[in-house]
2 protein chains.
Amino acid sequence: MGGPRFEPVQAVRAYERVVEQVEEAIERGVLTPGQRLPSERDLMVQFSVSRSTVREALRVLQARGLVRSRPGDPNGAEVLAFSPATLHKSMSTLARVSELSLAELVQFRMVLDASANLLAARLRTEEQLAEMDAAIARMREAVEESYESFSAADVAFHDAVARASGNKLIQICTDVVRSIVLDLVSEKIAGASDRKALMLESIGHHEEVLAAVRAGDGPLAARLARRTMYDYYAVYVPEGERPALLALLE
Amino acid sequence: MGGPRFEPVQAVRAYERVVEQVEEAIERGVLTPGQRLPSERDLMVQFSVSRSTVREALRVLQARGLVRSRPGDPNGAEVLAFSPATLHKSMSTLARVSELSLAELVQFRMVLDASANLLAARLRTEEQLAEMDAAIARMREAVEESYESFSAADVAFHDAVARASGNKLIQICTDVVRSIVLDLVSEKIAGASDRKALMLESIGHHEEVLAAVRAGDGPLAARLARRTMYDYYAVYVPEGERPALLALLE
DNA sequence: GCTAGTGCACTGGTCGGACCAGTAGGCTCT
DNA sequence: AGAGCCTACTGGTCCGACCAGTGCACTAGC
């Protein structure tokens, strides 16, 4: 016992130290989105490593969505504003390799969307209500056009609600999970025969939700939002897993 | 109008194609966790690219948490089971770079934890209830020990609830956001003077939540969980942002 | 015979140099 | 003054080399 306790030193690879430094600079605001990194040949001098090492570091930073490099660009790599793209990426691989079921994803959407509506009912501005109105109007037009435009309008509605919730994390996660769910059910939807009826029913549900949001009745809006989502996606969920979704509908 | 519509071809870099192929093999189950990739020198023959290109591809795959390579390993890189580590990484940079406030993070936790409790109230097994009991018992012991062990027991409780919810996505996101929140408030908590009172109060709240879960009263458990989280974290949230949290407490 | 120690044949990590295709901006020529 | 070329960069890729580890087979010693 006693004596100095040494921490285990793990060989930190050179490219990782490069990543760390650049990452820290970005997070501390020293490097802001739109700014350019020095060229790879400059970086290899500044860090006194080889260009291979610099490039491996840049690949990691690029995979994390922090920078982007373009061949032939006279400037260096560009510092990017954070986008949920990498979050989306990791969550979709999670969905694929970690065997997330559609039921779990829809359930998650139900939770998030309901919360977004609950918050939006109290915090929404008139402009945001107008956006939701416009989105529903576009949904109605799109019924006669294509499923794609209907879906786009539907997404716009849910996104407006998410933004009105005032919580960026809810907004981003909603967006990410939604696109994963849409990917999963897209082929199934394409084969549905009574699509038009489903769309019309969905529009009615959305109007009820919006009415509750407009009235400021958060709990009602949340309940309706859950119900709307369930009615729309339940058919794609294996019957055995539907009870878990119903559990959210009290 | 008319004529063939060509899609814009964007120069796909060689290392990206390598990433794609390996990624697809992992997602299709051709490569399963624990298996080894061929060595870099083998891969450069198979893909007929240089080792630099192979290495850049491996860096990307490693950044995405799909493989890990160890120097000196006689085998190639190891295929990893997906862990939320990369999800955690991207969400924490999101929290730092994208200026997520503590209020938003806590609000998100309130939403997820409440839903987990709602579901757990219906789906929990006896073993899971026992786990929650044990966690609370450890919390009580830890009051006299240290904040760290108290926090660890607290995490164990919430994790047991999240697992009992039956939704892996809720579990993972709860875990990720929780650790980010704990990081943010850790230094503030360290300076709190009346920590013991807070801990005791928190234990009482947890017991109420657990009672509701045991009784199968989901809505009550959810409400209590939100309240518990609010009471515990509100002091760290700037006063101006607390109303947004209160909006969840109906 | 079996164990302990030693090489050896790999591995990944890093380096340096080289070439290519692309870009942007300055330059020249008209 | 404008249109076109030219050049000096950029990133992408390749090659060859060396180093420090690791695991395994082999060997020397018991």
Side-chain angles (χ1 to χ4, degrees), chain A residues 6-23 25-26 31 33-80 85, chain B residues 6-23 25-26 31 33-80 85:
Chain A
F6 298 110
E7 296 188 356
V9 282
Q10 51 193 1
V12 178
R13 284 153 260 189
Y15 74 87
E16 288 214 20
R17 278 175 306 205
V18 174
V19 169
E20 281 171 20
Q21 287 198 43
V22 178
E23 205 167 25
I26 292 177
L31 289 170
Q35 279 193 8
R36 300 310 189 97
L37 259 51
S39 74
E40 296 179 356
R41 290 168 176 84
D42 278 354
L43 287 175
M44 84 183 202
V45 175
Q46 292 189 33
F47 289 107
S48 67
V49 294
S50 74
R51 194 150 89 97
S52 327
T53 304
V54 168
R55 285 184 59 77
E56 291 188 25
L58 287 178
R59 285 292 85 77
V60 174
L61 290 168
Q62 184 168 318
R64 294 191 186 161
L66 295 175
V67 306
R68 171 182 52 186
S69 40
R70 216 168 30 112
D73 195 328
N75 304 311
E78 181 183 1
V79 178
L80 295 178
Chain B
F6 298 111
E7 296 188 356
V9 282
Q10 51 193 359
V12 178
R13 284 152 258 191
Y15 74 87
E16 289 213 18
R17 278 176 305 206
V18 175
V19 169
E20 281 171 20
Q21 287 198 44
V22 178
E23 205 167 24
I26 293 178
L31 290 170
Q35 279 192 9
R36 300 310 188 98
L37 259 51
S39 75
E40 295 179 356
R41 289 168 177 85
D42 278 353
L43 287 174
M44 84 184 203
V45 175
Q46 293 190 32
F47 289 107
S48 69
V49 294
S50 74
R51 195 150 88 97
S52 326
T53 303
V54 169
R55 285 184 57 77
E56 291 188 25
L58 287 177
R59 287 291 86 77
V60 174
L61 290 168
Q62 185 168 320
R64 294 193 186 159
L66 294 175
V67 305
R68 172 183 49 185
S69 39
R70 224 167 21 116
D73 195 327
N75 303 313
E78 181 184 1
V79 178
L80 295 178

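Letters A, B, ... mirror the listed sequences (proteins, then strands); counts begin at 1.
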Could you tell me how far apart [X] ([atom1]) and [N] ([atom2]) are, to the nearest whole angstrom?
X        : N       : atom1 : atom2 : answer
Glu40(A) : dA18(C) : CD    : C1'   : 15 Å
Tyr15(A) : dG13(C) : OH    : P     : 6 Å
Leu37(A) : dT10(D) : CG    : C1'   : 14 Å
Asn75(B) : dC10(C) : CG    : P     : 13 Å
Glu78(A) : dA24(C) : CD    : P     : 13 Å
Arg55(A) : dC15(C) : CZ    : P     : 15 Å
Asp73(B) : dA9(C)  : CG    : P     : 19 Å
Arg17(B) : dT13(D) : CZ    : C1'   : 11 Å

Notebook entry, point to check: Val49(A) and Val54(A): which non-hydrogen atoms are nearest, and at how many Å?
Noted result: CG2-CG2, 3.6 Å
Note to self: On a heavy-atom basis, which atom in Ala77(B) and which in Val67(B) lie closest, and how many Å separate them?
What the structure shows: CB-CB, 4.4 Å
Next item on the list: Using heavy atoms to find the nearest nucleotide of DNA chain C for Ala14(A) and Pro74(A) separately, return the residue whose nucleotide is more 5′.
Entry: Ala14(A)
Next item on the list: Hey, could you give me the CZ/CD distance between Arg13(A) and Gln62(B), rounded to the nearest 0.5 Å?
Entry: 5.5 Å
Checklist line | Position toward the 5' end of DNA chain D (nearest nucleotide), Ala77(A) or Arg70(B) | finding: Ala77(A)
For [X], answer base if it contacts any base atom (sugar-phosphate contacts may also be present), sugar-phosphate if it contacts only those atoms, and nothing otherwise; contact means non-hydrogen atoms under 4.0 Å.
X        : answer
Arg68(B) : nothing
Ser52(B) : base
Arg36(B) : nothing
Arg41(B) : base

Item checked: Base dT14(C) to side chain Arg51(A), donor-acceptor N/O within 3.5 Å cut-off -> no
Next item on the list: Go through the steps to decide whether Arg64(A) and Glu23(A) satisfy the test salt bridge (Lys or Arg N to Asp or Glu O under 4.0 Å), and finish with yes or no.
Entry: CA-CA 10 Å; Arg64(A) 294 191 186 161; Glu23(A) 205 167 25; 2.9 Å; yes
Note to self: Testing Arg59(B), Arg55(B), Glu40(B) one by one against Ser69(B) for a side chain to side chain contact (heavy atoms under 4.5 Å, CB included), which residue passes?
What the structure shows: Arg59(B)
Notebook entry, point to check: Which nucleotide, dC14(D), dG13(C), dG12(D), lies nearest any side-chain atom of Ser50(B)?
Noted result: dC14(D)
Checklist line | Ser69(A) side chain, from C-beta outward: closest of dG12(C), dG11(D), dT13(D) | finding: dG11(D)
Checklist line | Phosphate OP1/OP2 of dC15(C) contacted by Thr53(A) side-chain N/O (<4.0 Å) | finding: yes
